[in-house]
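Structure, as structure tokens:
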Amino acid sequence: LLDKIKDAKIIFVVGGPGSGKGTQCEKVVAKYGYTHLSSGDLLRAEVASGSERGKTLQAIMQKGELVPLDTVLDMIKDAMIAKVDVSKGFLIDGYPREVKQGEEFEKKIGAPCLLLYIDAKGETMVKRLMKRGETSGRSDDNEETIKKRLDLYYKATEPVIAFYSSRGIVRKIDSELPVDEVFGHVAKAIDGLK
Ligand SMILES: Nc1ncnc2c1ncn2[C@@H]1O[C@H](COP(=O)(O)OP(=O)(O)O)[C@@H](O)[C@H]1O
Ligand SMILES: Nc1ncnc2c1ncn2[C@H]1C[C@H](O)[C@@H](COP(=O)(O)OP(=O)(O)O)O1
Ligand SMILES: [Mg+2]
């Protein structure tokens, strides 16, 4: 199974909270048929299941902190294995959130061929999340938690981009533009893959 995962394209989608990762991934799924795995969605599904583990996760996410690496990596790995026979590519959205997560992913699963760096200004991300919070029902889309998520993004996640830049696989995408224009640049990056 892991051999098959190695044949599939793995794309990391990295960006701050509210930068537009999920929005762009949906469009990639529609055009390219890749499998979209959002770490946040996987975690929220566990919370929704009402399990004891879900309760622990919910408390961490509510504070805008990162859940333990092993928990999220196991979830992603299981989801990839479940899809490996039907998937020519995987969009890994919201992971890695720290350099260590990237290193562990590569040890246990495989190497990414591309990192889409979805880039928006801090004030833009806050505005979008406050708006999303009106309808998302997400307990972390509130002003206090948004601020913590943003701080953690700059501290822990931005170093991930520098780490993969040295490998030449980072494509920076300007996510201040309208959704369809952002997608134009995303599509160009994916079309450039061999
Ligand atoms: N390019 C864009 N321009 C304007 N609004 C956007 C853009 N991309 C995403 N949004 C909006 O911003 C919010 C956050 O987007 P989302 O895709 O959920 O981000 P993330 O998954 O990175 O947190 C959503 O409400 C979405 O509709
Ligand atoms: N790779 C990861 N490692 C640790 N915690 C994670 C994680 N991915 C998600 N989480 C937890 C902490 C995040 O604040 C929360 C929501 O994540 P998300 O849905 O990816 O947010 P967003 O799409 O707004 O960037 O879930
Ligand atoms: Mg998202």
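Both counts, for ligands and for their atoms, begin at 1 and track the order of listing.
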Once you restrict to heavy atoms under 4.0 Å, what part of D93 touches ligand 1? Side chain, backbone, both or neither.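 Answer for D93: neither.
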Row check, Y117 ring normal vs K172 NZ/CZ: under 6.0 Å, within 45°: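 The answer is no; the distance or angle limit is not met.
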Would R132 count as a contact residue for ligand 2, given that I'm defining contact as a non-hydrogen atom of the residue lying under 4.0 Å from a ligand atom?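 Yes; R132 lies near enough to ligand 2 that a heavy-atom distance drops under 4.0 Å.
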Is R138 close enough to touch ligand 2? Criterion: a residue heavy atom under 4.0 Å from a ligand atom.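 Judged by the 4.0 Å heavy-atom criterion, R138 does count as contacting ligand 2.
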Can you tell me which residue and heavy atom of the protein come closest to [atom], and the distance to 0.1 Å?
| atom | value |
| --- | --- |
| atom 10 (N) of ligand 2 | L43 CD1, 3.3 Å |
| atom 12 (C) of ligand 2 | E65 O, 3.3 Å |
| atom 3 (N) of ligand 2 | Q101 NE2, 2.7 Å |

Hey, looking at atom 22 (O) of ligand 1, which of E134, Q24, K21 has the closest heavy atom?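 Minimum heavy-atom distance to atom 22 (O) of ligand 1 goes to K21.
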Option with minimal heavy-atom separation from atom 18 (P) of ligand 2, where the choices are K21, R149, R97: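 When every heavy atom of K21, R149, R97 is considered, R97 comes closest to atom 18 (P) of ligand 2.
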Between R149 and E143, does any NZ, NE, NH1 or NH2 come within less than 4.0 Å of an OD or OE carboxylate oxygen?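 Salt bridge absent between E143 and R149.
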Check this for me: does any side-chain nitrogen of one of K55 and E52 sit under 4.0 Å from a carboxylate oxygen of the other?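 Yes.
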Does G15 reach ligand 1, in the sense of a heavy atom lying below 4.0 Å from it?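 Contact absent.
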Does an N or O from V72, backbone or side chain, lie closer than 3.5 Å to an N or O of ligand 2?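 By distance alone, the answer is no.
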